Amino acid sequence: VTAFLCDYAWLPDGIRHDVVLEVSSDGRISSVSPVSSAGAGAVRLPGLTVPGFANAHSHAFHRALRGRTHHDRGTFWTWRDLMYAVADRLDPDSYYRLARAVYAEMAMAGVTCVGEFHYLHHAPGGVRYADPNAMGEALIAAAADAGIRITLLDTLYLQAGVDGAPLAGPQLRFGDGSLDGWASRVSALTAAPHALIGAAIHSVRAVPADALAKFSSAGPVEALDGPVHAHVSEQVAENEACRAFYGCTPVELLARHGILGPDFSAVHATHLTGSDIELLSGSTACFCPTTERDLGDGIGPARRLADSGVRLTLGSDSHAVIDPLEETRALELNERLAARTRGHFTQEELLRAATVDGHRSLGWDDAGSLAVGMRTDLVSLSLESVRTAGIELSGVLMAATAADITHVVVDGRVVVAEGRHIGVDAARELTETVCALF
Ligand SMILES: [Zn+2]
């Protein structure tokens, strides 16, 4: 495909009618022009085309839990016990198949790049696979075969509790024994045209302060040349444990050890102090609203973070729902619930969080807007469904769902057409791979 003809396109300066996006051989947008200049062979994209969404926080295997954690009213422990049980059952082959189906579901929901916060590294009991990166490489292959880009955020996970309690049971698969063990394994991972290697600190619970200090000073971050993410203050109990052991908040602990900065994303950032919000200025906060409501985490201070100079991004995390449109409007709607007033984010701010800031937080600075030189990541939304019929185009983020997405283009290649993934029968493969785990 060398050109796409959009009925409507959401360009950086607003929504325009009849727009032609020409694509160069490297998959980038080479021109944006009115329809009169359309060449032969252009693919028509009906409805409203927006930039591809970045899913900035994913644990692919959690998708297997969807619709299975409601028994006994669905406590946190109903969820956590099943999550560990599933974690114990996957191997590189089964994880590849599950992740390919999950990433295909994401593609159908308009995700063109995923940030995979990956901690299921080793075989049961912590036994190393012949290739110690077999699980991470399975995820990179799964993303390629689902047609989306991936930033593999290879996760450092060393202990079970903030007090240094050792890993046990299913958690043994997550651990590399030491920061050096983790760094040497990760250094064998290689990037690909569709894949970047980044790093994650699971949380201040799972990584002790001395490892945080070495993490930032010893240079594994520079060696990886990718972003760094960490779960931060998702639940009050995590803050209390951190305060009891270190005498400070998780954000303060990360700041003290040089982890914060422009390449850093604090995932969740739900229970923050005023000082935490100031410290995070210049970093990114990744909100995962559908997971945060599923787990009863709370509502983070999105507007205060944005006002403090923190970029906001969105992720589907546990995949209780995979719908970037739902995550995006929840940024505004959750703020309304918390503040009991309307009117916190403009539609442009919401789109920015879902697209350009999300891709940037995953190390892809050249994705997320429909402008010359950017990657050709396109998502077309039907304006003829019962959900979108009659709306103002600029209100699409408040009205559409993933079910309204008809076409998805990643790096200039059509991945979803007429609502169907071109290479993966996602629903069938999800059924097969999920049911095989139970
Ligand atoms: Zn997470």
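All values reported here derive from a predicted model rather than from experimental measurement. When a ligand or atom number is given, it counts from 1 through the structure's own listing order. All residue numbers in this chain count up from 1 along the given sequence.
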For [X] and [Y], which I'm curious about, is there any donor-acceptor pair between the side chains at under 3.5 Å?
{"X": "His229", "Y": "His231", "result": "no"}
{"X": "Tyr246", "Y": "Glu252", "result": "no"}
{"X": "Thr388", "Y": "Asp404", "result": "no"}

Note to self: Tell me which pairs pass salt bridge (Lys or Arg N to Asp or Glu O under 4.0 Å) where either residue lies in residues 125-151, with sequence neighbours left out.
What the structure shows: Arg149-Asp377, Arg149-Asp411
Can you give me every donor-acceptor pair (side chain of residues 295-303, partner residue at least two apart or in another chain, under 3.5 Å) with its distance?
from: Asp297; atom 1: OD1; to: Gln235; atom 2: NE2; distance (Å): 2.7
from: Arg303; atom 1: NE; to: Asp307; atom 2: OD1; distance (Å): 3.1
from: Arg303; atom 1: NH1; to: His344; atom 2: O; distance (Å): 2.9
from: Arg303; atom 1: NH1; to: Glu349; atom 2: OE1; distance (Å): 3.2
from: Arg303; atom 1: NH1; to: Glu349; atom 2: OE2; distance (Å): 3.2
from: Arg303; atom 1: NH2; to: Asp307; atom 2: OD1; distance (Å): 2.9
from: Arg303; atom 1: NH2; to: Glu349; atom 2: OE2; distance (Å): 3.4

Next item on the list: Count up the protein N, O or S atoms sitting under 2.8 Å from the Zn ion (ligand 1), would you?
Entry: 4
Margin query: Tell me every residue that passes salt bridge (Lys or Arg N to Asp or Glu O under 4.0 Å) with Asp91, counting only those two or more places apart in sequence or in another chain.
Written below: none
